[in-house]
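Single-structure report; data block below.
Per chain, numbering begins at 1; letters A, B, ... match sequence-line order.
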There are 2 protein chains.
Amino acid sequence: MSDEVSAQLAEACPIVEVLDHVAGKWSIGIIVAAANGPVRFTELERAVEGISRRMLTLNLRKLERDGLLVRTVYPTVPPRVEYELTDMARELYESLRGLLDRAQKHRGSIAASRIAYDSGNAA
Amino acid sequence: MSDEVSAQLAEACPIVEVLDHVAGKWSIGIIVAAANGPVRFTELERAVEGISRRMLTLNLRKLERDGLLVRTVYPTVPPRVEYELTDMARELYESLRGLLDRAQKHRGSIAASRIAYDSGNAA
DNA sequence: CAGAATCCCTAGGGATACTG
DNA sequence: CAGTATCCCTAGGGATTCTG
């Protein structure tokens with residue numbers, strides 16, 4: 001491997017952290033769920049399948065802190081809180097969408113590869 | 001949130017797993033390092049900063065199992081093993097690259113957002 | 001409704017040592 | 001060189017309970 005590759009990594013590594021926030025297990029679900037407009041806490045809880053209330057809260061805070069989500073509290077009773085993607089998040093979402101679609105497209109190949117790999121090693 | 005969003009999530013969730021393999025902390029480094037041609041184990045170990053030998057091995061196996069990496073062993077002494085991206089991995093890498101670049105572009109904004117968020121909450 | 005707080009447990013992953 | 005095997009420890013994250 002060349003210096004060129006090292007340079008690329010030096011460039012890529014710091015944003016792995018950002019990527020983890022955008023492409024992390026829960027973050028993807030949240031971002032996708034919020035992509036079409038503001039969503040409420042409970043809606044997210046139902047939409048992002050398998051997420052616990054705790055994890056939802058933590059991830060929402062993280063995303064808000066990173067400036068990817070805006071949190072709006074309506075002082076009604078019962079309280080109403082809405083989360084919406086920022087412009088930056090929308091831009092990232094476009095790229096994420098591309099990756100998502102490509103991954104989707106290759107799902108079959110990946111599944112097949114796993115079966116082949118496993119049967120090969122099981123022998 | 002609409003049924004439409006739920007549908008999108010149903011579509012997105014299964015590939016979150018794939019995404020984790022492509023966009024995971026270590027996988028990114030490995031894929032980027034292998035993007036320019038075959039790399040050897042030790043080269044990867046040096047290139048992917050902070051990775052342990054154990055984690056490198058585990059991630060290489062995972063990527064190989066998913067059909068993203070081909071492992072070639074040269075029966076020389078000392079042994080020589082090279083890892084190379086598959087066509088599928090290259091295709092995914094293109095999309096990943098787009099996301100990476102966008103994330104890179106927004107690094108400043110994200111850092112600033114965090115500072116603002118933290119100072120607001122520290123008060 | 002939208003969380004915050006607490007308890008608890010397991011799996012991710014580091015450090016180290018050994019081998020074909 | 002390119003791994004595998006073991007030990008060990010921390011942080012991610014589930015379940016549950018309480019509140020503005």
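- When each of C:dG13, D:dC1, D:dG14 is scored by its nearest atom to the side-chain atoms of A:S52, the top-ranked nucleotide is D:dG14.
- Between B:N59 atom CG and C:dG12 atom P there is a gap of 11 Å when expressed in whole angstrom units.
- Although no hydrogens or angles enter the test, the distance criterion places no donor-acceptor pair under 3.5 Å between the side chain of A:S27 and the main chain of A:V22.
- Atom CD in A:E45 sits about 10 Å away from atom C1' in C:dC1, given to the nearest Å.
- Within the nucleic acid shown, A:Y74 has no heavy atom closer than 4.0 Å to any nucleic acid atom.
- Nucleotide D:dA2 holds its C1' atom 13 Å from the CZ atom of B:R46, rounded to whole Å.
- Among the nucleotides D:dC1, C:dG14, D:dG14, the one closest to the side chain of B:T42 is D:dC1.
- Of all nucleotides listed (C:dG13, D:dA2, D:dG14), D:dG14 comes nearest to the side chain of A:R54.
- Taking atom NZ of B:K25 as the reference point, atom C1' of D:dA11 lies 12 Å away to the nearest angstrom.
- Atom CD in B:E43 sits roughly 13 Å away from atom C1' in D:dA2 (whole-Å rounding).
- Checking side-chain atoms of B:S119 against main-chain N and O of B:I115 turns up a donor-acceptor pair under 3.5 Å.
- Judged by distance alone, the side chain of A:E91 and the main-chain N or O of A:M88 form no donor-acceptor pair under 3.5 Å.
- Phosphate contact (OP1/OP2 of D:dT4, side-chain N/O of B:R61, threshold under 4.0 Å): present.
- Across all strands shown, B:R40 has heavy atoms under 4.0 Å from sugar-phosphate atoms exclusively, and none from any base.
- Of the candidates D:dT4, C:dG13, D:dA2, D:dA2 carries the atom nearest the B:R71 side chain, counting heavy atoms from C-beta on.
- The distance between atom CD1 of B:I30 and atom P of D:dA2, rounded to the nearest whole Å, is 14 Å.
- Atoms CE (A:M55) and P (C:dA5) sit 14 Å apart, rounded to a whole Å.
- Taking 4.0 angstrom as the limit, A:R53 places none of its side-chain polar atoms (N or O) nearer than this to OP1 or OP2 of C:dC1.
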Q) Between A:V81 and A:Y74, is a side chain to side chain contact (heavy atoms under 4.5 Å, CB included) present by the stated rule, with each step listed? A) CA-CA 6 Å; A:V81 180; A:Y74 298 93; over 6 Å; no
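- The backbone N or O of B:L85 sits less than 3.5 Å from a side-chain atom of B:R90, completing a donor-acceptor pair.
- The residue among B:P78 and A:I51 whose nearest nucleotide of DNA chain D is located toward the 5' end is B:P78.
- Side chain of B:Y83, nearest nucleotide from C:dG3, D:dG3, D:dG13: D:dG3.
- Atom CG in A:L58 sits roughly 12 Å away from atom C1' in C:dA5 (whole-Å rounding).
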